[in-house]
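Here's the structure we're looking at; comments come further down.
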Amino acid sequence: MSSPRALDREIARLAFPAFLALVAEPLFLLGDAAVVGHLGTPELAGLGIAGTVVTTVVGLSIFLAYGTTAGVARQIGAGHRDAALAQGLDGLWLAVLIGIPATLVTALAADPLVAVFGASSDVVEPATTYLRVAALGLTPLLLILAGTGVLRGLQDTRTPLVVAVAGNLANLALNIALVYGAGPAPRLGIAGSALGSVLAQAAMAVALVLVVVRAARAEGATLRPHLPGVRAAAPAGVPLIVRTLTLRASLLVTTYAVVLTASGAGSSTAVPVATHQLAMTLWGFLAYVLDAIAIAAQAITGRFLGAGDVAATRAVTGRMVGWGIVSGVVTGLLLAATSPWLGALFTTDAGVRDALVPVLLVAALDQPAAGVVFVLDGVLIGAGDGRYLARAGVIVLAGYAPLVLLTSALGAGLPWLWAVFCAVFMGGRLATLVHRSRGDAWLVAGA
C-alpha cells in the first residue's frame with residue numbers, strides 16, 4: 001500500500017489540473033452573469049431561470065462524465081487500455097444520441113419550461129430568448145462531458161484543463177462582442193450571450209473529441225458506433241441519472257420556493273430571483289472547486305479497484321476526506337470575507353447587492369461539510385456504487401422538498417431558505433454518504 005505522502009502526490013497530480021478546469025467551467029455562467037447583469041435586473045433573473053433549465057438538462061447526463069471516468073479507470077487499472085478507449089468511444093456516441101433530441105425538445109418547449117417557474121412578465125421574455133438559443137449548445141455540452149470523462153479515466157486531467165481555459169476565454173470574448181456589439185458583430189443583447197456560449201462550447205467539444213479519437217486510433221480501436229456498447233452504457237448510467245435527478249430536483253424546488261416567497265410578498269420577483277441566481281452561481285463555483293478532489297477520487301478509486309487493491313482504495317479515501325475538509329474551511333472563509341463586495345461584480349442593483357450578503361454568509365458556513373460531501377460522492381461514483389447514491393438521493397429529496405416549501409409558505413426570507421438548503425439538503429447528503437463509506441459493500445474489486 002502507498003504511503004500517505006505518495007497518496008497525497010497522486011491526489012494532487014489529478015486534483016490540481018481538475019481544480020483549474022472545474023473552476024473554468026462555472027466561469028461560463030459567471031461570465032454570462034457579469035455581462036448580462038449590466039443589461040438589467042430582469043435580464044439577469046431571466047438568465048438565472050434559463051440557466052437552471054440548461055444545467056438541469058446537462059446535469060441529468062452527468063453520468064456521461066462520471067460513469068465513463070469510473071469505467072475507463074477500472075479498465076486502465078486492470079491493464080486493458082484498448083478496452084478503456086473502446087468504452088470511452090461508446091460514451092461519445094451515446095452523448096450524440098442523447099444530445100440531438102434534448103436540443104429539439106428544449107428549444108421547442110422553451111415557453112412552457114420558463115413558465116413553470118412562475119416569474120413576473122419582465123423576466124419571462126429574456127429567459128425564453130436565452131433558452132431557445134442556448135439549447136443549441138446541448139449536444140456540444142454532452143460531448144464535453146463524455147470526452148472529459150474518458151480523459152479523466154485515462155488519468156489525464158491536464159488536457160481538459162487546457163480546453164476549459166481556452167473555451168472560457170473564448171466564451172467571455174464572444175459574450176462581450178455579441179451582447180454589446182463590437183466590430184462586425186451585431187448587438188444582440190441577452191441572445192448574444194447565449195450564442196457566444198454555444199460557439200465556445202462547440203469548439204471545446206471538437207477539441208476533446210479529436211484528442212480521444214487520436215488515442216483510440218493509436219490503440220487500434222474502431223471509431224464506428226458499437227451498438228452493444230452504447231446500449232450497455234445507457235442502462236448502466238440509470239442509477240447516476242436518478243442520483244443526479246434528485247440533486248437537480250432539489251435545486252429546482254429551491255428556486256421555486258424563492259419565486260413563491262417573492263410572489264407572496266406581492267412584488268416583482270426580479271430582485272429575489274436575481275439574488276438567488278447570483279448566490280447559486282457562486283455556490284456552484286465553490287462546489288466545482290471542492291469537486292476537484294472528487295474528480296481525483298473517481299479516477300483513483302476506479303483504478304485501484306480495477307487493480308484489485310482494496311486497502312489502497314480505503315487509504316486514499318481517508319486522505320481525500322481530509323483534503324475535502326481543509327478545502328471547505330478555506331473556501332468558506334474566503335466566501336465570508338468577500339461577501340460584502342461580490343455583488344458589485346455582477347449588478348448595479350443595490351437591492352440585489354444588499355440581499356446577497358446574508359445568503360453568502362449562510363453558504364460559507366456550509367462549506368466544510370460540502371467538502372466531505374463532494375469527496376465521498378466522487379469515491380462512491382468511482383467505485384460504481386450508483387445504486388446506493390440513487391436511493392440516498394431519493395431519501396434526501398423526500399425530506400428536503402416539503403421542508404423548504406413549508407419554509408417558503410411561512411413567508412421566510414431568502415437567507416432562511418438557504419439555511420434549510422444547507423442544513424437539510426447538504427446535511428442529509430453528508431449523513432448518507434458517511435454512513436455508506438464506513439461499510440465495505442461499495443469496495444467491489446475487478447475490471
Side-chain angles (χ1 to χ4, degrees), residues 26 29-30 33 37 41 44-45 47-49 51-52 117-120 123 247-287 289-290 328-371 373 396-397 399-430:
L29 281 178
L30 287 173
T41 299
L44 181 59
L47 171 65
I49 290 176
T52 298
F117 292 88
S120 52
V123 175
L247 300 183
R248 297 307 311 176
S250 297
L251 299 181
L252 286 170
V253 77
T254 305
T255 300
Y256 183 65
V258 171
V259 174
L260 283 181
T261 298
S263 300
S267 58
S268 170
T269 59
V271 169
V273 173
T275 302
H276 177 68
Q277 151 66 9
L278 289 180
M280 191 57 74
T281 301
L282 290 165
W283 183 86
F285 177 85
L286 295 179
V289 173
L290 297 173
V329 170
V330 172
T331 57
L333 291 174
L334 288 175
L335 182 60
T338 57
S339 59
W341 301 281
L342 285 173
L345 296 176
F346 305 102
T347 180
T348 57
D349 190 316
V352 174
R353 294 202 305 265
D354 291 342
L356 184 63
V357 176
V359 176
L360 294 184
L361 291 176
V362 172
L365 292 173
D366 185 57
Q367 288 301 295
V373 167
V396 172
L397 174 62
Y400 170 67
L403 282 176
V404 74
L405 291 175
L406 176 62
T407 304
S408 173
L410 293 174
L414 196 55
W416 281 106
L417 293 176
W418 268 77
V420 174
F421 173 77
C422 292
V424 180
F425 173 62
M426 292 301 292
R429 293 187 67 196
L430 177 66

Once side chain to side chain donor-acceptor pair (under 3.5 Å) is applied, what residue pairs with a partner in residues 332-342 remain, sequence neighbours excluded? none
Using residues 409-427 as the side-chain source, report each donor-acceptor pair under 3.5 Å to any protein atom, sequence neighbours left out, with the distance given to one decimal.
unit_1	atom_1	unit_2	atom_2	d
Trp418	NE1	His276	ND1	3.1

Sorted by chain and number, sequence neighbours left out, side chain to side chain contact (heavy atoms under 4.5 Å, CB included) with Leu333 holds for Val329
Quick note, salt bridge (charged side-chain N to carboxylate O under 4.0 Å, His left out) partners involving residues 417-429, not counting sequence neighbours, are Asp377-Arg429
To the nearest 0.5 Å, what is the distance between OG1 on Thr281 and CG on Leu342? 12.0 Å
Identify the heavy atoms of Leu397 and Pro402 that sit nearest to each other, and give their distance. O-CD, 4.2 Å
Suppose the criterion is side chain to side chain donor-acceptor pair (under 3.5 Å): which pairs have a residue in residues 353-367, not counting sequence neighbours? Thr331-Gln367
Tell me, which pairs form a side chain to side chain donor-acceptor pair (under 3.5 Å) where one or both residues lie in residues 400-409, sequence neighbours left out? Thr254-Tyr400, Thr261-Ser408
Once rounded to the nearest 0.5 Å, what's the spacing between atom CG of Leu44 and atom CD1 of Ile49? 10.5 Å
Would you indicate whether the side-chain heavy atoms of Leu405 and Val253 approach each other to under 4.5 Å? yes
